[in-house]
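Have a look at the structure below before the remarks.
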Amino acid sequence: MTLTLYNTLTRRKETFTPLQAGKVQMYYCGVTVYDYCHLGHARACIVWDVVRRYLQWRGYQVKYIQNFTDIDDKILNRARDEGSSMQAVAERYIQAYFEDMDRLNIQRADAYPRATHTLDGIKRLVYELEQKGYAYPADGDVYYAVRQFNTYGKLSGRKLEDLQAGKSDRVNIEDPEYQKKKDPFDFALWKGAKAGEPAWESPWGAGRPGWHIECSAMVRDNLGETIDIHAGGADLIFPHHENEIAQSEAVTGKPLANYWMHNGMVTVDGEKMSKSLGNFITIRELLDRPTDPMAVRLFVLTAQYRKPIDFTDEAIAAATNGWHTLREGLLFGYQYGNQLGFEERGSHLIPEVVQRFQEEVDDDFNFPGGLTVLFELAKELRREGNILMHQGKTETPPEQLEQQWHTLVALAQVLGFEAEAETIVETNVTDGISDTEIENLIQMRLAAKKAKNFVEADRIRNELQAQGITLIDQPGGVTRWHRN
RNA sequence: GGCGGCAUAGCCAAGUGGUAAGGCAGAGGUCUGCAAAACCUUUAUCCCCCAGUUCGAAUCUGGGUGCCGCCUCCA
């Protein structure tokens with residue numbers, strides 16, 4: 001079976017073939033650390049986390065690098081507003097980033113390069129670009145001359161002559177800054193420092209790097225001149241990734257990345273979630289509602305990663321319910337493993353099910369398809385768990401259940417879903433009514449039932465239900481119970 | 001104006017030539033004094049619209065319509 005993926009560069013699904021057999025070099029354009037991450041960032045991080053996990057599960061040794069942009073106007077503005085430094089602001093939100101992502105069960109990257117730690121590589125690139133005639137200094141700044149790079153636009157599929165400067169209404173091309181450029185689409189490689197701004201020494205004077213150049217430098221420093229997968233949000237295709245290509249390939253003459261992958265946006269009422277629109281919810285806000293982090297993961301993975309996904313309370317509620325189903329399946333072995341004589345081997349997977357999962361996900365990381373397989377297993381296990389809970393035994397062979405459970409746990413792990421056995425213990429620890437009191441009430445209720453006093457019997461059932469105790473009447477006058 | 005993408009049930013969503021997965025939500029029934037669980041049945045004669053190709057299309061082609069993203073903050 002072969003893994004295929006959609007390559008933005010060619011606008012086609014392609015068979016994935018890494019440069020070096022068995023190894024994958026992967027770079028994900030991370031976040032600018034000037035504020036807390038929102039759900040849009042969570043989606044990107046979850047998607048690339050799972051892509052990486054899946055590649056590893058498929059046997060690849062993955063080197064995964066993710067950057068932090070810690071030099072940026074917005075960080076600077078924030079520092080100015082609160083009277084602190086760019087470094088302090090960046091540091092704070094990097095910490096917050098890790099807190100949020102740990103809660104979402106995002107695996108750590110192999111390295112998190114930062115712009116502030118990459119100055120040497122950046123300056124070297126700018127120098128080389130200048131030597132090769134792709135960059136020109138202008139009044140303390142250095143710009144990239146897009147007209148010099150004749151395949152400019154190949155990633156985003158545009159031609160310079162089709163672009164309209166200022167069309168997005170985000171920049172004012174009357175600004176003196178823009179007047180320095182030879183072409184409106186030239187972009188800054190190096191920005192001369194203004195008074196009071198943090199600055200680094202360079203051959204072009206004191207200043208700081210432009211946004212795009214850091215990624216070119218980081219990829220080169222950490223992974224090499226050509227990598228396998230370069231990933232990021234779809235909103236980065238143009239100009240960010242286009243500019244990275246222009247910078248890197250002008251210098252090396254080699255492809256920056258063989259596969260370009262982009263995740264779709266999170267929308268709210270059909271519109272992109274973003275800081276500027278103000279229609280965002282931060283990861284911590286969402287989790288503190290509270291929302292189960294695994295429900296957030298499920299919400300993200302129910303959509304194909306390239307499509308937009310709309311954030312609504314209903315969608316989160318549905319994902320939460322769905323997660324409860326998966327969780328019941330995942331906890332099955334912890335709850336009933338002893339009773340059924342499960343062994344701690346964990347390697348008895350069902351080959352046909354594993355294969356079906358792989359066939360689904362091999363098709364351009366079709367996680368919704370993979371989830372179908374997980375749900376089938378989880379629902380089956382939940383059913384068996386209910387039967388065990390209500391009848392105390394099941395006809396299904398324990399070996400079969402053990403295999404199903406191990407398969408579910410293993411495949412869920414590939415998508416980053418985990419349910420800890422401790423959560424069962426927690427629900428069993430209660431400072432409410434004691435077992436003895438429950439037993440006594442059940443005896444009273446049985447007596448009431450015998451006397452056909454169903455009003456009293458129902459009163460006791462309701463009283464216990466209110467305290468989280470569910471009674472199960474079985475044939476033969478036996479009543480089982482469990483805490484919810 | 002240009003480039004790219006999307007349109008499948010109440011909601012989410014898979015399916016890319018062979019007669020509509022799955023999830024969420026809902027309905028009816030069997031069983032039960034009532035519950036719970038389990039089991040059975042059920043919710044798109046149809047995939048935005050029109051035309052075409054084909055024995056056959058949600059799936060391919062052409063033309064529409066609507067929505068979204070990008071055109072130097074952006075995941």
Side-chain angles (χ1 to χ4, degrees), chain A residues 8 11 28-32 34 37-48 69 72-74 146 153 156-171 173 178 181 184-188 210-212 231-240 242-243 262-267 270-277 298-299 302-304 306-310 312 314-315 317-322 325-326 360 363 366 368-369 371-376 378-379 383 385-391 449 452-455 457-458 461-462 465 470-475 480-482:
Chain A
T8 306
R11 283 170 214 92
Y28 160 45
C29 270
V31 296
T32 302
Y34 72 103
C37 289
H38 59 61
L39 185 58
H41 301 111
R43 181 186 194 184
C45 292
I46 289 170
V47 163
W48 305 121
T69 298
D72 170 84
D73 284 346
K74 277 180 293 201
V146 292
S156 54
R158 17 190 121 195
K159 301 182 180 76
L160 277 168
E161 47 271 28
D162 291 338
L163 295 172
Q164 284 184 20
K167 186 68 181 177
S168 72
D169 289 330
R170 284 179 186 142
V171 293
I173 52 175
Y178 288 87
K181 299 177 182 180
F185 291 101
D186 289 352
F187 55 91
W211 174 38
H212 314 295
D235 52 356
L236 297 185
I237 297 171
F238 190 90
H240 185 56
E242 198 70 70
N243 291 351
H262 295 94
N263 63 275
M265 300 293 99
V266 174
T267 60
E271 283 198 323
K272 180 182 167 186
M273 178 178 286
S274 70
K275 295 278 182 186
S276 42
L277 283 173
L298 184 61
F299 166 72
T302 49
Q304 213 283 340
R306 288 187 280 117
K307 286 191 179 183
I309 182 171
D310 203 49
T312 58
E314 292 72 27
T320 301
N321 285 335
T325 299
L326 281 182
E360 291 287 351
D363 180 14
N366 182 357
L371 279 170
T372 300
V373 176
L374 298 198
F375 271 103
E376 281 173 24
K379 287 206 137 188
R383 184 177 149 278
N386 283 330
I387 289 173
L388 283 160
M389 169 85 77
H390 288 265
Q391 289 165 25
K449 276 177 65 173
K452 303 274 189 214
N453 185 354
F454 295 119
V455 175
D458 288 349
R461 175 193 288 287
N462 292 335
Q465 188 63 60
T470 299
L471 300 186
I472 304 152
D473 289 335
Q474 294 191 286
R480 297 171 62 88
W481 64 273
H482 65 85

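Lettering of chains follows the sequences in order, A, B, ..., and the numbering in each one begins at 1. Just so you know, these numbers come straight off a predicted model, no measurement behind them.
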Spacing of the [atom1] atoms in [M] and [N] (rounded, Å):
N	M	atom1	answer
B:rC31	B:rA37	C1'	10 Å
B:rC24	B:rA13	P	15 Å
B:rA20	B:rU59	P	14 Å
B:rG66	B:rU54	P	31 Å
B:rG1	B:rA57	P	36 Å
B:rA51	B:rG56	P	16 Å
B:rG4	B:rA27	C1'	43 Å
B:rC40	B:rG22	P	14 Å

If you measure from [atom1] on [X] to [atom2] on [Y], what distance do you get to the nearest 0.5 Å?
X	Y	atom1	atom2	value
A:H41	A:K275	NE2	NZ	6.5 Å
A:K272	A:D235	NZ	CG	4.0 Å
A:S156	A:L236	OG	CG	12.0 Å

What heavy-atom pair brings [X] and [Y] nearest, and what distance separates the two atoms?
X	Y	answer
A:G232	A:W48	O-CZ2, 3.7 Å
A:C45	A:Y28	SG-OH, 3.8 Å
A:H240	A:C29	NE2-SG, 3.5 Å

Strictly below 4.0 Å: does [X] bring a side-chain N or O up to OP1 or OP2 of [N]?
X	N	value
A:H41	B:rA75	yes
A:K272	B:rC70	yes
A:W211	B:rC74	yes
A:K307	B:rU8	no
A:S274	B:rC73	no
A:N321	B:rC12	no
A:N386	B:rA38	yes

Whole-Å distance separating the [atom1] atom of [X] from the [atom2] atom of [N]:
X	N	atom1	atom2	result
A:K379	B:rC39	NZ	P	11 Å
A:D162	B:rG1	CG	P	13 Å
A:K275	B:rC74	NZ	P	13 Å
A:I472	B:rA37	CD1	P	9 Å
A:R461	B:rU32	CZ	P	15 Å
A:I237	B:rG5	CD1	C1'	9 Å
A:E161	B:rC71	CD	C1'	13 Å
A:Q391	B:rA38	CD	P	10 Å

Can you find a heavy atom in the side chain of A:Y34 that is under 4.5 Å from one in the side chain of A:T69?
->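 With C-beta onward as the side chain, the pair stays apart.
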
Base, sugar-phosphate or nothing for [X]? Non-hydrogen atoms, less than 4.0 Å.
X	result
A:V47	nothing
A:D473	base
A:Q304	sugar-phosphate
A:T325	sugar-phosphate
A:K181	base
A:T32	sugar-phosphate
A:M273	base
A:L298	nothing
A:G40	base
A:D186	base
A:C45	nothing
A:G264	base
A:H38	base

Is there a donor and acceptor pair, one atom on the side chain of [X] and one on the base of [N], closer than 3.5 Å?
X	N	answer
A:Q164	B:rG1	yes
A:D73	B:rC73	no
A:D458	B:rG33	yes
A:R43	B:rA75	no

From [options], nucleotide with atom closest to [X] side chain:
X	options	value
A:N263	B:rA14, B:rC71, B:rA75	B:rA75
A:R383	B:rA36, B:rA38, B:rA14	B:rA38
A:R158	B:rA21, B:rA36, B:rG69	B:rG69

In Watson-Crick or G-U wobble terms, both distances under 3.5 Å, what is the partner of [N]?
N	value
B:rC3	B:rG69
B:rC34	none
B:rA27	B:rU41
B:rG52	B:rC60
B:rA20	none

How do A:D363 and A:F238 order along RNA chain B: which one's closest nucleotide is nearer the 5' end?
-> A:D363

Closest nucleotide of RNA chain B for A:V455 versus for A:L236: which of these residues is on the 5' side?
->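 Nearest-nucleotide comparison on RNA chain B picks A:V455.
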
Could you tell me whether the side chains of A:D310 and A:T267 share a donor-acceptor contact shorter than 3.5 Å?
-> yes

Would you call the rings of A:H212 and A:F187 parallel, tilted or perpendicular, where under 30° means parallel and over 60° means perpendicular?
->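 Perpendicular: the ring planes of A:H212 and A:F187 meet at over 60°.
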
Ion pair present between A:R461 and A:D473, side-chain N to carboxylate O less than 4.0 angstrom?
->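 Judged by the 4.0 Å cut-off on N to carboxylate O distance, A:R461 and A:D473 do form a salt bridge.
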
